[in-house]
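All remarks here apply to the structure that follows.
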Amino acid sequence: METKRSDRLSTVLRVAEVKEAQAAKQFGRLQEQLLYEQKKLEQLLNYETEYQENAKPVAGRPVTVRRLQQMSQFLAQLTQAVHQQQEQVDNINKHCKTLRDVWVDAHQHAQTMQQLLDRYRQEEQRQEEKQEQQDADEVNTQQFIRGKQGP
């Protein structure tokens, strides 16, 4: 017996749904990483601001040249860390947008396959009903013909 189109398409739909689920999972994991990296950036920025505030000279508290150099060097390193973290966030954000597009495409493909499968099943159901009606009509016609021919 020939395999129905809907049965063949069911396999395609399952594959599409697996791909969609994988894309959604990857996208979700990357979003979590993005949030984590954004939080790290925010912490670095807060620490940088706090350090700059604490590094300001206060009346009555002498600051040596050596201490100023150390503070300046540390602030430069902190600023560099902020820039690196911002680049990390930007890169993950770009990758996140790409993975979102992949997921959206996979989702749309799975939806399209589901709609097509539904249409195939409806067509097959109509065909089966039509065939059943034709079979019933044939049986009724045969019975009518036998009845006309007499005993």
Side-chain angles (χ1 to χ4, degrees), residues 1-140:
M1 182 172 171
E2 184 179 324
T3 306
K4 294 180 182 179
R5 285 192 313 174
S6 63
D7 292 339
R8 292 189 306 264
L9 191 59
S10 289
T11 303
V12 173
L13 175 60
R14 281 192 298 276
V15 170
E17 289 172 338
V18 166
K19 287 182 180 181
E20 177 190 3
Q22 289 171 341
K25 190 174 182 179
Q26 286 178 328
F27 176 55
R29 274 187 280 187
L30 197 60
Q31 279 184 309
E32 288 174 8
Q33 184 181 356
L34 178 61
L35 290 174
Y36 174 76
E37 297 296 337
Q38 286 173 330
K39 187 178 270 189
K40 279 174 56 176
L41 176 60
E42 184 179 321
Q43 289 171 344
L44 277 171
L45 288 168
N46 289 339
Y47 183 64
E48 181 183 37
T49 301
E50 183 181 315
Y51 187 81
Q52 287 174 340
E53 287 298 316
N54 290 335
K56 290 180 181 176
V58 176
R61 191 172 74 180
V63 179
T64 65
V65 172
R66 179 169 162 73
R67 177 74 178 134
L68 282 175
Q69 288 175 338
Q70 288 173 342
M71 289 171 32
S72 177
Q73 186 180 29
F74 182 74
L75 192 55
Q77 290 174 343
L78 193 53
T79 301
Q80 179 64 29
V82 166
H83 289 298
Q84 288 174 348
Q85 188 62 28
Q86 183 63 57
E87 286 179 12
Q88 176 76 354
V89 167
D90 292 344
N91 288 336
I92 292 173
N93 200 22
K94 287 177 191 172
H95 193 76
C96 215
K97 288 177 183 175
T98 301
L99 283 183
R100 182 186 182 287
D101 291 344
V102 168
W103 170 72
V104 166
D105 289 346
H107 179 70
Q108 289 174 343
H109 179 68
Q111 280 187 321
T112 300
M113 292 298 102
Q114 182 63 58
Q115 291 168 352
L116 187 58
L117 178 61
D118 292 344
R119 193 177 92 213
Y120 282 179
R121 285 182 176 154
Q122 289 171 355
E123 288 174 7
E124 290 167 357
Q125 181 65 33
R126 281 193 298 272
Q127 191 63 29
E128 286 175 17
E129 289 170 359
K130 184 178 177 182
Q131 186 61 47
E132 287 172 6
Q133 184 62 45
Q134 286 176 349
D135 292 347
D137 290 348
E138 180 67 28
V139 168
N140 288 336

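Along the sequence shown, residues are numbered consecutively beginning with 1. Every value quoted in this text rests on a predicted model; they were computed, and no experiment measured them.
- With values rounded to the nearest 0.5 angstrom, Met113 atom CE is found 9.5 Å from Gln115 atom CD.
- With hydrogens and angles left out, the side-chain atoms of Glu129 and Gln125 include a donor and acceptor closer than 3.5 Å.
- Here the CD atom belonging to Gln88 is positioned 10.5 Å from the OH atom belonging to Tyr36, to the nearest 0.5 angstrom.
- Expressed to the nearest 0.5 Å, how far CD of Glu17 lies from NE2 of His107 amounts to 10.5 Å.
- Here the side chain of Glu124 pairs a donor or acceptor atom with the backbone of Ser6 at under 3.5 angstrom.
- In this structure, the side-chain contact (heavy atoms from CB on, under 4.5 Å) partners of Gln77, at least two apart in sequence or on a different chain, are Gln73, Phe74.
- A heavy-atom distance below 4.5 Å is found between the side chains of Arg119 and Leu116.
- The side-chain heavy atoms of Met71 and Arg67, taken from C-beta on, include a pair separated by under 4.5 Å.
- The closest side-chain heavy-atom distance from Asp118 to Gln114 is below 4.5 Å.
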Output a table of donor-acceptor pairs, distance under 3.5 Å, between side-chain atoms of residues 90-98 and any protein atom two or more places apart or on a different chain; print 'none' if there are none.
unit_1 : atom_1 : unit_2 : atom_2 : d
Asp90  : OD1    : Gln86  : NE2    : 2.9
Asn91  : ND2    : Glu87  : O      : 3.3
Thr98  : OG1    : Lys94  : O      : 3.2

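- In this structure Glu32 satisfies the side chain to side chain donor-acceptor pair (under 3.5 Å) test with no other residue, sequence neighbours excluded.
- Using a 4.5 Å heavy-atom cutoff, the side chains of Arg8 and Val12 are not in contact.
- You'll find the side chain of Ser10 stays beyond 4.5 Å of the side chain of Lys4, heavy atoms only.
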Expected list for residues 41-52: side-chain donor-acceptor pairs under 3.5 angstrom, two or more places apart:
unit_1 : atom_1 : unit_2 : atom_2 : d
Asn46  : ND2    : Glu42  : O      : 3.4
Glu48  : OE2    : Thr79  : OG1    : 2.8
Thr49  : OG1    : Leu45  : O      : 3.0

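- Side-chain contact between Gln131 and Glu128: absent, with no pair of heavy atoms (C-beta onward) separated by less than 4.5 Å.
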Salt bridge (charged side-chain N to carboxylate O under 4.0 Å, His left out), that's the test. Do Lys40 and Glu37 meet it? Break it down for me.
CA-CA 5 Å; Lys40 279 174 56 176; Glu37 297 296 337; 3.7 Å; yes
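- For Val18, the side-chain contact (heavy atoms from CB on, under 4.5 Å) criterion is met by Gln22, not counting sequence neighbours.
- Atom NZ of Lys19 sits about 12.0 Å away from atom CG of Asp105, to the nearest 0.5 Å.
- Not counting sequence neighbours, the partners of Arg5 by the side chain to side chain donor-acceptor pair (under 3.5 Å) test are Glu123.
- Of all heavy-atom pairs between Ala16 and Ala110, the closest is CB-CA, 4.0 Å.
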Give the intermediate values and the outcome of side chain to side chain contact (heavy atoms under 4.5 Å, CB included) for residues Gln26 and Leu30.
CA-CA 6 Å; Gln26 286 178 328; Leu30 197 60; over 6 Å; no
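- The CG atom of Asp7 sits 8.5 Å away from the CG atom of Leu117 when rounded to the nearest 0.5 Å.
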